[in-house]
Every structure is written in structure tokens, then in C-alpha cells.
J.: 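Quick one: the structure is below, questions incoming.
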Amino acid sequence: MSLFGRLFGGKKGEKAPTPQEGIQRLREIEEMLTKKQEYLEKKVDQELSIAKKNGTKNKRGMICGMDVDKVHDLMDDIGEQMDLANEINDAIASPIGFGQDIDQVALLPRDVDKVHDLMDEVAEQQDIANEISEAISNPVGFGTDVDEDELMAELEELEQEDLDAQLLEVGGPVTDQLPSVPVTEPVAKTKGKAQADADDDLAELEMWAS
Amino acid sequence: MAHWFHRNPIKATAPVTFDLRGVTSTGPTRKICSDLRQHRNRLLDILSNPNENMETVDNVAKEYFSLLQGFLTAVDEKGGESKLRHIIRFRWTNTLTGNTPTAQYDAMYEFVSMAVNVALWYTKHAAKIAAENDEPSMDEAKEVHTCLRKAAGIFVHLRDKCIAGLIESPEQGTDLDSRVVTAYMHQSTAEAQEVTLARAVELKHTASLISALAFETSNMFQSADDSLKGEDERLVTKWRKYLQLKRAFYMAYAYSYHGETLLAQDKCGEAIRCLRESVKEYEKAGALAKEYKQAKGPGTTARPEEHLFFRRLGPIVKRTLEKCERENGFIYHHKVPEELPDLALKATYGLASPEEVEFPPPSPAWNPAVYAEFKVENNPPVPEKEKEKGEGKEIPPVKEEDIKHAGKDPRNNSGCVVS
């Protein structure tokens with residue numbers, strides 16, 4: 001019940017202490033969860049592309065990539081967790097008004113109950129999130145307890161999808177040979193947006209300084 | 001930027017009459033000498049006032065130097081060294097060594113010493129503009145930047161083209177000592193870079209560019225400090241502390257922005273390592289600021305640790321570090337590396353390089369006929385005791401006009417010069 005328990009105290013009948021603070025904290029957590037989701041999605045994409053690249057030739061590489069499906073499932077749970085965070089936001093923000101009048105105060109116990117229920121669910125999701133964290137930080141753990149045959153079957157499905165997509169393309173040979181790694185410096189068009197921004201800023205400063 | 005820049009005192013000099021009795025017997029030759037005397041006095045007068053206008057100083061300096069040219073280079077077909085070069089004894093104090101002057105019978109010595117004073121004036125004028133405004137405008141910031149680049153340009157020109165031409169080799173710790181001149185050049189360049197960096201921060205340029213600029217600024221202060229290694233500690237301790245504290249401060253800046261860049265690339269572990277280093281450097285800068293305040297040595301004491309630009313960095317870095325540590329615990333779970341990630345350098349040298357300086361050609365008053373009228377052979381011989389350099393009574397320091405400092409903090413976000 002970590003963060004939320006500390007936040008809300010937990011006694012029935014008590015007014016939720018500083019709801020503004022609560023909302024602020026929840027917003028921060030929501031932000032972190034969003035960031036975590038984006039990060040995991042990025043990792044998923046990376047691992048999938050590794051799996052496709054390695055194919056049936058490199059079993060180990062493939063297995064690490066395929067475990068990514070498990071992560072997909074866990075990520076859905078994160079999505080649920082974020083929805084819960086939003087629900088708590090609403091539960092706190094709407095009925096417990098900042099300019100409280102007597103009628104609304106009567107509503108408080110019921111809404112606090114609702115908040116407590118939500119908190120319990122969130123705590124469960126928090127445990128799931130911890131599971132995800134461990135799963136991500138211990139990739140070695142991934143390889144051992146997965147059914148390899150299942151994974152091989154899934155990989156072959158993926159490869160087949162890829163082939164089908166390529167066959168539909170007009171022109172261009174289908175090959176499972178990857179292009180060789182370039183040996184020269186990448187040219188300007190491969191620069192990321194951040195690099196381009198930095199160059200623009202530098203040009204602006206040079207103009208000012210001269 | 002109130003109390004931001006350390007400045008050494010300008011050089012004092014004994015008056016020179018340019019009265020060459022036997023040598024100047026004609027109207028034009030006497031006129032050149034009396035003009036030289038007047039221009040020299042006028043120039044010395046305005047150089048003691050950093051509030052003076054830049055254009056005025058430029059013009060008066062040009063007039064004096066163009067008149068002095070005839071004492072440096074022969075104004076006839078043969079060219080080469082002027083016959084008048086060793087005829088007058090010039091006495092100057094040095095910025096670090098107090099009131100005892102060094103003296104040379106050399107017009108080149110006069111030229112270099114006066115040029116150092118002009119360069120120092122530019123640095124003090126820059127400090128005055130930075131100090132007296134709560135929020136300098138873009139034009140004022142540009143003037144600060146220009147002055148510092150001009151000063152750097154003069155120092156580098158003197159070091160590379162003039163000092164080697166002196167007959168007597170400079171003593172250690174004097175302003176003609178090439179290590180001292182190099183330190184002044186690096187300091188001026190670094191301070192010009194500070195202005196560019198402050199502008200980049202105010203305009204919220206990309207973190208990677210700011211980090212590179214800060215790293216470069218820090219390196220320049222390091223070079224200035226390195227130039228003074230081996231000089232007499234009694235002369236340079238205070239000055240070196242200032243250079244070291246600026247080095248540490250800009251290193252803290254560089255690591256702070258580098259950490260932000262790494263975090264944006266999801267390299268959270270490395271970001272944390274950078275930010276911890278930034279905190280360390282910032283604390284070092286604070287400690288050095290205290291030592292600088294207490295150190296003995298010539299120069300006005302700046303108080304950079306009181307300035308908003310300095311004060312703001314500490315809390316920002318700590319907050320960013322906490323954020324990274326939180327995110328690492330929740331999202332990334334990266335190991336924080338032992339090794340410090342390298343700071344990147346961009347090619348930004350052009351932003352604060354010394355400005356090329358050109359000294360004026362001989363004044364129109366000089367021509368071969370007038371030059372020929374100077375009869376050096378009529379000059380009375382120099383008394384023996386006057387030939388010794390370093391002898392002679394002390395010259396009192398120049399009474400420099402104060403720089404008024406803005407009392408309050410700037411209202412803008414970064415505490416830096418405004419765009």
C-alpha cells in the first residue's frame with residue numbers, strides 16, 4: 001500500500017488531507033507511468049526487431065525477443081493501473097470540493113470508501129508493476145522458464161507475416177540477407193531531430209556573436 | 001551580473017614630457033612631441049574610468065599610437081627600427097606587483113604597456129556594463145561580449161607580435177611575462193564565452209549545446225589558471241582562486257545539462273552519474289568562492305556566489321538528480337556506472353575567439369622630412385644610475401573610478417543576460 005497509503009492516511013471519516021497535494025502526487029505518478037509505458041513500448045519494439053533479425057538461425061537471440069510478448073501482457077496491466085490512477089483523481093477532485101458546503105460533507109464518507117476500494121486495487125496493480133520491473137531488470141530470468149516450442153511457433157508466424165508483406169510489394173527482391181553495416185560516417189539525413197535542433201541553436205549563436 | 005568578474009588594477013606610469021631638447025629644434029618636431037605628451041595624458045586619464053564611452057577610448061588610443069609609431073619604426077625609405085626608439089625612459093608598474101615600477105629605454109615597452117592598459121580598460125568596461133544593470137538588454141550583452149573579445153585580441157597580438165621584439169626580456173610576474181599575458185587572454189575569452197552561454201540558457205537552447213558551451217568555458221578558465229602555475233604565489237593566489245572557482249562552476253553546469261541530455265535518451269544510469277558529478281563540482285565552486293574571498297592578492301573581489309545565476313544552479317541540479325533517481329527506481333532500473341560519461345565538445349570556438357586587432361599606421365604628422373629633422377646625436381648621454389631598470393621611486397596606483405553595482409537580483413528566469 002506504499003505511496004497511496006502514506007498519502008491518504010486511511011481512517012474512515014477523516015477528510016482526505018490536502019486533496020490538492022493528493023492530486024499533484026497522482027499526476028506525478030501518472031506521468032511516470034506514462035513514461036514507463038512509452039519506455040517499455042520502445043523496448044518491445046527493439047526486442048521484436050532483434051527477434052525478426054535473428055530469425056530461426058539464432059535461437060538465443062530469438063528467445064530473448066519472443067519473451068517480449070509476456071511484457072506486452074504486463075504492459076496492458078500498467079494501462080489498467082493508469083486508468084485507476086485517473087479514477088482516483090476524479091473521485092477526489094469532484095465530490096470533495098474545495099469550497100465545501102454542508103451537503104457535500106455528508107457525501108464524504110461514501111466517497112472515501114470508494115477511494116479506499118480504488119486504493120486497494122491500485123496496490124494490487126502496484127505489485128504487478130513491481131513484477132514488470134523485476135522482469136525488465138533480470139533478462140536472464142526470461143530465458144529459462146518459457147516453452148521453447150511455443151516460442152518457435154510464434155516466431156515462425158512472425159516471419160511468415162513478414163514474407164507475406166514482402167510478397168505483396170511490387171518490385172524489389174525478397175531476401176533474408178540484411179544490408180551490410182556502413183563503414184563511413186552517416187550523412188546529414190540520418191541526423192536525429194535533437195542534433196538538428198542543436199545545430200540550429202549553434203548557428204543562431206554564431207550569428208549573434210559575430 | 002553584480003560582483004561577477006574579478007579585475008586586477010590597471011598599470012600606473014610616471015609622467016613623460018617627451019621633451020627632447022637637443023633633438024627637436026624645429027616646429028614640426030616639437031609639435032609631435034607636445035602632441036604626444038597631451039595625448040598620453042588624455043589617454044591615461046580616460047583609461048582610469050571604465051564608465052567612459054568605448055568610441056572615445058578607441059579614438060584617443062588610436063591617435064596616441066599613431067603618433068608613437070614614429071618612435072617605433074623609421075619613417076623613411078630604409079624602414080626598420082626608429083632611431084628614436086631608445087631615447088626616452090618609460091616607467092610602468094605592473095598589475096600584479098604593486099607600486100614598484102619597471103623601466104626601459106624602449107618605445108616598444110611604452111607601446112606594449114599602454115596597450116595592456118587599453119585591454120584592461122575593455123575588460124573593466126565590460127564588467128561595468130554587466131554589473132550596473134539588473135537585466136542587460138541584448139545590445140548591452142553584445143557590448144560586453146565585444147569588449148571582452150577585443151581585450152583578448154589585444155593580449156594575443158601583444159604576446160605573439162610585440163613582446164618578443166623587446167630588447168630586455170620581461171621579468172617573471174610582470175605584465176610582459178608571456179604567461180601573465182596568456183592568462184589575461186584566456187580569462188577574457190572565457191568571460192566572453194560566459195555571455196554567449198548565458199544567452200543560450202535564457203533562450204532555452206538544446207541541452208547538448210549548452211553542455212558543450214559550458215564545458216568549453218570551463219576549459220578556458222582551466223587554461224588561464226594553468227598559465228599562472230609557477231608564478232609567485234603571493235602575486236597570483238587570489239586571481240587563480242577566481243579562475244578555479246569559475247572552472248568548477250561551469251563544469252557543474254556542463255554535467256548538469258549533459259545529464260539532462262542523457263535522460264532524454266533514456267540513459268538514466270549515466271544521467272545520474274553526471275548529475276552527481278555536477279553536485280560535486282558545484283560544491284567545489286562554493287568552497288573556492290569562500291577561499292577566493294579570503295585570499296590575499298591584488299584586484300577587486302568579485303562575489304559570484306551571491307549572484308542569482310550561481311545560486312540557482314545548485315537547487316536545479318539537486319532537483320534533476322532526485323527526479324532521475326526516482327525514475328530509475330521506477331522505470332529504468334539502470335546500474336549507475338562508476339565511470340563518468342565523457343562530455344561532448346562542439347566546435348564553438350568561433351563564438352568567443354579573440355578579435356583580430358590592428359594597430360593604426362603612423363599619423364599623417366610623420367613623414368620622412370620631419371623624421372630626418374630629429375637629431376638624435378644631440379641627445380645628452382643618460383646618467384649611469386638611471387640606466388638600471390627597476391630603480392626609482394614608487395609610483396602611486398591609479399585612482400580608478402568605481403563601478404556601480406546593481407543591488408537586486410535580476411527578475412528573469414535564469415538570472416543571466418536577457419536576449
Side-chain angles (χ1 to χ4, degrees), chain A residues 2-4 25-46 71 74-75 78 81-82 85 125-142 191-210, chain B residues 138-139 141-142 144-146 148-149 189 192-213 216 257 260-269 322-324 326-335 344-353 355 417 419:
Chain A
S2 54
L3 179 69
F4 297 94
R25 290 278 177 86
L26 284 167
R27 287 207 176 112
E28 283 171 15
I29 290 166
E30 189 183 7
E31 220 177 273
M32 283 241 269
L33 287 171
T34 313
K35 195 166 178 182
K36 187 165 187 172
Q37 186 170 20
E38 284 168 8
Y39 178 65
L40 289 174
E41 277 171 1
K42 227 200 289 188
K43 274 221 113 152
V44 161
D45 291 337
Q46 278 173 6
V71 175
L74 296 175
M75 273 178 53
I78 288 191
Q81 193 173 359
M82 280 179 51
Q125 297 297 332
Q126 183 79 13
D127 292 336
I128 297 173
N130 288 337
E131 226 189 283
I132 298 169
S133 307
E134 277 167 45
I136 296 296
S137 52
N138 288 323
V140 175
F142 263 162
K191 268 191 203 166
K193 181 171 186 307
Q195 178 70 15
D197 281 344
D199 287 342
D200 286 339
D201 290 342
L202 179 57
E204 196 271 336
L205 281 176
E206 276 170 350
M207 214 173 62
W208 177 83
S210 58
Chain B
M138 175 157 84
D139 287 339
K142 189 76 208 281
V144 173
H145 186 259
T146 306
L148 290 165
R149 284 188 66 210
T189 322
Q193 184 88 317
E194 287 189 77
V195 178
T196 328
L197 173 66
R199 190 161 182 277
V201 169
E202 187 65 19
L203 292 177
K204 296 190 178 22
H205 279 166
T206 57
S208 63
L209 176 60
I210 293 177
S211 169
L213 276 174
E216 196 175 38
Y257 276 85
E260 279 190 36
T261 311
L262 289 169
L263 183 65
Q265 297 166 358
D266 291 330
K267 293 181 181 161
C268 199
E322 278 164 13
K323 177 178 161 206
C324 283
R326 233 178 14 241
E327 290 193 4
N328 203 34
F330 190 67
I331 305 175
Y332 299 103
H333 306 283
H334 289 164
K335 183 165 176 287
L345 263 184
K346 260 176 141 23
T348 61
Y349 189 61
L351 290 176
S353 54
E355 193 179 283
V417 289
S419 57

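Computation of the quantities below employed the complete heavy-atom set of this structure, encompassing side-chain atoms and omitting hydrogens, waters and symmetry-equivalent molecules.
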J.: Under 4.0 Å between a Lys/Arg side-chain N and an Asp/Glu carboxylate O for B:E260 and B:K323?
T.: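 Here B:E260 does not pair with B:K323 in a salt bridge, since their nearest N and O are not under 4.0 Å apart.
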J.: Can you name the residues that form a salt bridge (Lys or Arg N to Asp or Glu O under 4.0 Å) with B:K335, not counting sequence neighbours?
T.: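 Salt bridge (Lys or Arg N to Asp or Glu O under 4.0 Å) list for B:K335, sorted by chain: empty.
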J.: Under a 4.5 Å heavy-atom cutoff, which of B:E355, B:E327, B:R326 has the most pairs with chain A?
T.: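 The residue among B:E355, B:E327, B:R326 with the greatest pair count is B:E327.
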J.: Enter the distance from B:I331:CD1 to B:D266:CG here, rounded to the nearest 0.5 Å.
T.: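 Rounded to the nearest 0.5 Å, the CD1-CG separation comes to 8.5 Å.
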J.: Return the CD1 to CG distance between B:I210 and A:D201, rounded to the nearest 0.5 Å.
T.: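 One finds 8.0 Å between CD1 of B:I210 and CG of A:D201.
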J.: Which answer fits B:H145, side chain, backbone, both or neither, if we ask what part of it has an atom under 4.5 Å from a heavy atom of chain A?
T.: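 Side chain only.
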J.: Which bit of B:T196 comes within less than 4.5 Å of chain A, counting heavy atoms only: side chain, backbone, both or neither?
T.: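 Looking at B:T196, backbone and side chain both touch chain A.
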